[in-house]
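Accompanying notes for the structure given below.
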Amino acid sequence: MATRAYFYAVGRRKSSRATVKLFPSGKGEMMINGKKLSDWADTLEIKYIILEPLDLLGMKKDFDCEIRTSGGGKKAQSESVRLGISRALVKKDPELRQQLKEAGYLTRDPRVKERKKPGLKRARRAPQFSKR
């Protein structure tokens with residue numbers, strides 16, 4: 001599979017990262033970390049998130065995908081895969097950019113966990129005040 005020509009992109013979300021190789025003229029096979037999509041994704045929601053850009057454009061069966069993902073949880077990984085697939089599709093055909101942009105699949109979600117500050121219990125949670 002790796003000897004064929006492909007479109008490459010990286011997607012990120014929280015602390016997760018996904019590298020996507022999109023092979024044109026494929027059969028719609030998707031491998032994530034060496035597993036098939038149905039084996040890797042435990043819920044329908046995660047499968048849906050990953051396939052959203054391909055469903056939107058009606059190209060589900062046109063590409064084979066080889067994806068490596070790491071960091072974060074399954075949800076953040078699936079959202080980083082969605083961003084990577086969208087970016088790879090735009091590299092293949094820049095005219096798809098408008099549709100993907102309107103659907104929100106080309107926007108990197110910048111929200112990450114805020115660091116814990118000294119003297120506090122969490123990032124902003126202060127210890128409970130006691131008068132005595």
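Values below: every heavy atom of this structure, side chains too, minus hydrogens, waters and symmetry copies. Note that the structure is predicted; figures quoted are calculated from it, not measured.
- Under the 4.5 Å side-chain criterion, counting only non-hydrogen atoms from C-beta, E66 is in contact with F23.
- F63 is listed as a side-chain neighbour of L54, based on a closest heavy-atom distance under 4.5 Å.
- The same ILVMFWY cluster, assembled from side-chain heavy atoms under 4.5 Å apart, contains both Y105 and L57.
- Salt bridge D109/R12: absent, no basic N to carboxylate O contact under 4.0 Å.
- Screening residues 88-101 for salt bridge (charged side-chain N to carboxylate O under 4.0 Å, His left out), with sequence neighbours left out, gives no hits.
- At a threshold of 4.5 Å between non-hydrogen side-chain atoms, the residues L89 and L100 count as touching.
- Here R115 pairs with nothing under the side-chain hydrogen bond (donor to acceptor under 3.5 Å, both in side chains) rule; sequence neighbours left out.
- With a 6.0 Å radius and a threshold of 12 heavy atoms from other residues, nucleotides or ligands, K117 has its NZ atom above the threshold.
- Cluster membership for L56 and I49, using ILVMFWY side-chain heavy atoms within less than 4.5 angstrom, is not shared.
- For K47, the NZ atom counts as densely surrounded, since its 6.0 Å shell holds more than 12 non-hydrogen atoms of other residues, nucleotides or ligands.
- Side-chain atoms of L51 and L37, non-hydrogen and from C-beta on, do get closer than 4.5 Å to each other.
- S15 and G72 get closest at one heavy-atom pair: OG-N, 3.5 Å.
- For K60, the salt bridge (Lys or Arg N to Asp or Glu O under 4.0 Å) criterion is met by D55, not counting sequence neighbours.
- Within the structure, salt bridge (charged side-chain N to carboxylate O under 4.0 Å, His left out) contacts touching residues 121-132 (residues at least two apart or in different chains) are E114-R124.
- A distance of 12.0 Å separates NZ of K27 from NZ of K61, quoted to the nearest 0.5 Å.
- Shown here are the side-chain hydrogen bond (donor to acceptor under 3.5 Å, both in side chains) partners of Q99, two or more places apart in sequence or in another chain: there are none.
- Surrounding OH of Y48 are at most 12 heavy atoms belonging to other residues, nucleotides or ligands under 6.0 Å away.
- Here the closest heavy-atom approach between residue K14 and residue R111 is recorded as CG-O, 3.7 Å.
- Sorted by first and then second residue, the pairs that involve residues 71-85 and meet side chain to side chain donor-acceptor pair (under 3.5 Å), not counting sequence neighbours, are R13-E79, S16-S80, E45-K75, E52-R82.
- Looking at Y6 and L22, their side chains never come closer than 4.5 Å, going by heavy atoms from C-beta outward.
- Under the 4.5 Å side-chain heavy-atom criterion for Ile, Leu, Val, Met, Phe, Trp and Tyr, M30 and M59 are members of the same hydrophobic cluster.
- Across all non-hydrogen atoms, the minimal contact from I67 to A18 is CG2-CB, 4.5 Å.
- Note that SG of C65 and CE of M31 are 11.5 Å apart. Values are rounded to the nearest 0.5 Å.
- Cluster membership check: L96 shares its hydrophobic cluster with F7, using side-chain heavy-atom separations under 4.5 Å among Ile, Leu, Val, Met, Phe, Trp and Tyr.
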- Task: I would like to know whether T19 and T69 meet side-chain contact (heavy atoms from CB on, under 4.5 Å); could you show each step before the answer?
- Result: CA-CA 6 Å; T19 58; T69 183; over 6 Å; no
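- What you find for D62 and G58 is that their closest heavy atoms are OD2-O, 4.2 Å.
- Checked by atom type and distance alone, the side chain of D64 pairs as donor or acceptor with a backbone atom of G28 at under 3.5 Å.
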